[in-house]
2 protein chains.
Amino acid sequence: MSNKRLTVRQIAEIANVSIATVSRVSRGTGQVSPETRERVLRVIEEHGYRPNQLGRALAEQKHGAVAIVFPGLAGPYFSELIQGFEYEAMETGASVHIVGTHRRAAADDDVLAMSARVDGIAVHGGTIKEETLRRLAADVPVVVLAGRPLDGIPAVRADNSRVAELTRHLLVDHGYRRLAFVGNPDGSPDVTDRWEAFRQGHRDARVPAPKTPVKIGLQQSDGVIAAGELFERANPPRAIVCANDETALGVLIGALGRGLKIPGDVAITGFDDVAMSSLVQPGLTTIRQPIRELGAVTARLLLSGLGEPGAVMDTVLATELVLRGSCGCR
Amino acid sequence: MSNKRLTVRQIAEIANVSIATVSRVSRGTGQVSPETRERVLRVIEEHGYRPNQLGRALAEQKHGAVAIVFPGLAGPYFSELIQGFEYEAMETGASVHIVGTHRRAAADDDVLAMSARVDGIAVHGGTIKEETLRRLAADVPVVVLAGRPLDGIPAVRADNSRVAELTRHLLVDHGYRRLAFVGNPDGSPDVTDRWEAFRQGHRDARVPAPKTPVKIGLQQSDGVIAAGELFERANPPRAIVCANDETALGVLIGALGRGLKIPGDVAITGFDDVAMSSLVQPGLTTIRQPIRELGAVTARLLLSGLGEPGAVMDTVLATELVLRGSCGCR
DNA sequence: ATGGTCGCTGAAACCGGTTACTGCAACGTT
DNA sequence: AACGTTGCAGTAACCGGTTTCAGCGACCAT
């Protein structure tokens with residue numbers, strides 16, 4: 001029943017005014033006499049007129065939309081992140097495009113093409129090549145989400161260095177030795193930082209750190225796989241620091257499935273503090289990062305225009321150590 | 001370094017042709033002599049010209065974009081679904097808008113507003129009011145995803161009736177009595193259908209079905225909560241049929257945390273067959289639905305135009321019973 | 001030589017809005 | 001009475017593409 005939408009000119013004709021006046025009334029700008037406004041409003045109401053988004057966008061020279069680029073959206077982390085971003089964007093009247101690069105061959109090209117459709121793009125750290133990122137930033141405002149600033153491209157991220165504190169806690173407060181790190185530092189800037197902080201924690205405690213991490217993805221199922229590898233070792237780790245809660249929960253499930261006691265046989269920690277982490281038995285010791293806020297701040301930054309002068313280049317949100325049972329506390 | 005983009009007219013002037021010719025060359029339509037084409041292409045190449053998306057969209061009267069509306073995107077189900085949708089849409093050159101209605105007060109209005117920005121909208125079952133859905137469909141092509149067709153609005157969904165077969169398997173093949181259903185039929189059409197099929201399975205086996213389900217959300221953490229309720233009952237269920245794998249995994253974690261044996265003390269089943277389900281110990285008996293394909297089919301349907309005549313009104317994708325250890329098999 | 005066809009190209013209309021500028025009438029000031 | 005403001009509304013240009021239609025020269029057939 002899609003009857004053709006009316007245009008400004010038709011509304012103008014019906015209301016017996018010019019298109020300029022219709023536009024002024026519909027967007028509430030400029031001055032219009034009360035009677036005229038009333039009359040035009042009635043006509044608009046009656047015919048359910050809503051200005052065509054394309055015409056408006058072309059005239060205003062802006063899309064009223066932003067995009068968020070991320071690897072794939074598996075797990076609560078990305079869900080929260082995107083919802084935070086989307087909620088904030090919608091609040092400002094901007095719609096949100098998504099581009100998942102996972103499983104896509106020409107991802108970088110797709111991202112570049114997206115620049116023609118939006119007023120700004122948030123790119124999750126580690127999803128596209130630096131070179132692509134630079135070219136993208138030449139076309140449209142860009143913010144790196146969960147990564148480091150690059151050549152004038154601002155970033156929004158969480159304080160990953162707190163993993164050093166967590167590591168120190170395991171080494172010093174609990175006296176554990178033989179820690180393992182689960183996560184692939186090559187995959188994302190976040191994991192790079194956390195692995196680095198893990199090693200820093202060892203240095204701080206003057207304990208030698210493991211040479212390599214267990215390189216694996218960030219999903220719960222990856223954690224289960226990691227558990228398989230770690231617990232089959234001749235000399236399994238006493239404590240496992242995971243790059244995020246998802247993998248930590250996977251490791252935890254893998255451990256429980258093997259009849260291991262947590263934290264008696266092995267301590268496990270994560271990063272994020274997702275909903276599940278406080279529900280499992282024992283509760284997962286982790287580092288809380290404000291995921292939703294991360295997305296929201298990014299959206300705000302993107303939509304605030306990214307003015308040249310004293311622009312914010314690096315926004316680091318505070319994180320917090322959350323001690324529960326899985327590390328041996330309590 | 002955002003040097004202003006060149007327009008058709010500028011390219012035309014440089015190449016010494018008319019804007020019509022530039023347009024013809026850039027989009028490869030109409031006939032242009034080889035030499036002219038070559039010359040224009042060179043200019044386009046040199047200046048990195050790419051047609052402005054807004055101008056093009058206005059002229060072509062289409063956005064080149066579709067939207068997907070869903071409650072919230074927690075869990076692997078929505079991830080897969082959206083990725084399937086997005087991948088297929090991108091393949092066709094359409095970009096994807098997302099609208100999460102979770103936590104949003106004016107969700108219905110937002111969805112309606114979105115209709116001005118896209119060529120089609122996929123709405124996940126149960127996210128907006130039927131009335132809104134109807135009004136939406138008056139403006140733009142709509143497909144209901146994981147729900148039933150409504151007044152000429154086509155739907156794409158999975159065969160939920162297989163839950164009856166699963167229920168029969170638990171009742172007859174394993175001889176369990178006292179089954180419980182975890183999931184809220186009021187929340188989504190999928191759960192409504194599965195609850196209905198659960199009762200049908202009881203009728204088929206001539207066993208009285210429980211009066212009410214455990215009304216709870218679809219996330220893993222909800223499953224943990226459901227476990228709390230079920231296992232504290234005086235007469236806990238012998239088998240638990242969950243509305244999806246997420247809650248089933250939550251229930252499983254809750255059961256393991258209480259030291260219960262699966263399937264010895266309690267059998268647990270899910271729906272979806274997400275990655276985790278084959279990794280837990282014991283493996284989760286579930287019903288596999290082609291989530292990705294569901295999203296992809298929806299996108300294809302939306303982008304194929306939804307022609308009037310013999311249009312497909314209801315697409316039901318096949319599901320498959322996957323028997324693993326959690327029901328007592330093996 | 002004339003008329004018709006074909007291949008190529010350009011002028012101009014169009015998509016549907018926004019807005020700078022202009023004009024007009026009513027009013028107040030000297 | 002002449003002149004400057006002020007409030008309101010319309011004309012037309014513009015945003016950046018696509019596409020219809022017409023024109024023009026080359027070629028071929030009569």
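In what follows, chains are A, B, ... by sequence order, proteins preceding strands, each numbered from 1.
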Let me know the distance between [atom1] of [X] and [atom2] of [N], rounded to the nearest Å.
| X | N | atom1 | atom2 | answer |
| --- | --- | --- | --- | --- |
| B:Ile19 | D:dG16 | CD1 | C1' | 9 Å |
| A:Gln61 | C:dT19 | CD | C1' | 13 Å |
| B:Gln10 | D:dC15 | CD | C1' | 13 Å |
| B:Glu60 | C:dC14 | CD | P | 19 Å |
| B:Arg37 | C:dC8 | CZ | P | 9 Å |
| A:Arg39 | D:dG10 | CZ | P | 8 Å |
| B:Leu58 | D:dC14 | CG | C1' | 12 Å |
| B:Glu13 | D:dG16 | CD | C1' | 15 Å |

Please determine whether a side-chain nitrogen or oxygen atom of [X] lies at a distance below 4.0 Å from atom OP1 or OP2 of [N].
| X | N | result |
| --- | --- | --- |
| A:Ser23 | C:dT19 | no |
| B:Tyr49 | D:dG17 | yes |
| A:Thr21 | D:dG10 | yes |
| A:Ser33 | D:dC8 | no |
| B:Arg56 | D:dG16 | no |

field: Nearest atoms (heavy-atom pairs only) where A:Ser115 meets A:Leu136
entry: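 Reported closest heavy-atom pair: CB-CD1, 3.8 Å.
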
field: Divergence of helical axes at both termini of the helix from C:dA1-D:dT30 to C:dT30-D:dA1 - five pairs an end, 10° steps
entry: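 Answer for the end axes of this duplex: 60°.
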
message: Just by distance, no angles: are the side chains of A:Ser95 and B:Arg117 close enough, under 3.5 Å, to form a donor-acceptor pair?
response: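 Checked: A:Ser95/B:Arg117 side chains pair up, N/O donor to acceptor below 3.5 Å.
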
message: If you assign B:Val32 and B:Gly55 each to the DNA chain C nucleotide with the nearest heavy atom, which residue ends up on the more 5' nucleotide?
response: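 Looking at the nearest nucleotide for each, B:Val32 comes out on the 5' side.
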
field: Options C:dG17, D:dC8, D:dT11, nucleotide nearest the side-chain atoms of A:Ala20
entry: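 Output: D:dT11.
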
field: 5' priority, DNA chain D, between A:Arg24 and A:Arg9 [closest heavy atom]
entry: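 Looking at DNA chain D, the more 5' nearest nucleotide goes with A:Arg24.
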
- request: Decide, yes or no, whether a salt bridge links A:Glu35 with A:Arg39 under the criterion of side-chain N to carboxylate O below 4.0 Å.
  value: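 No, A:Glu35 and A:Arg39 are not salt-bridged.
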
message: With a 4.0 Å cut-off on N to O distance, would you call A:Arg292 and A:Glu88 a salt bridge?
response: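 The answer is no: the pair does not qualify as a salt bridge.
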
With a non-hydrogen cut-off below 4.0 angstrom, is [X] in contact with a base, only sugar-phosphate, or nothing?
| X | answer |
| --- | --- |
| A:Thr7 | sugar-phosphate |
| B:Val22 | nothing |
| A:Gln31 | base |
| A:Thr36 | sugar-phosphate |
| B:Leu54 | nothing |

Side chain A:Arg27 and base C:dG17 donor-acceptor under 3.5 Å: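 Not at all, since no donor on one side and acceptor on the other fall under 3.5 Å apart.
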
- request: Determine whether B:Val99 and B:Ile68 make a side-chain contact, defined as any pair of heavy atoms from C-beta on separated by less than 4.5 Å.
  value: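 When only atoms from C-beta onward are counted, B:Ile68 and B:Val99 do not touch, as no gap falls below 4.5 Å.
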
Proximity of A:Tyr77 and A:His124 rings by center, below 6.0 Å: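 They qualify: ring centres under 6.0 Å apart.
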
task: Going by the side chain to side chain donor-acceptor pair (under 3.5 Å) test, name the single residue among B:Thr298, B:Asp190, B:Asp314, B:Thr315 that passes it with B:Arg157.
output: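 Of the listed options, the one satisfying the test is B:Asp314.
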
- request: Report the relative orientation of the aromatic rings in A:Phe78 and A:Phe70; use parallel for angles under 30°, tilted for 30 to 60°, perpendicular for over 60°.
  value: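 The arrangement is tilted - the two ring planes meet at 30° to 60°.
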
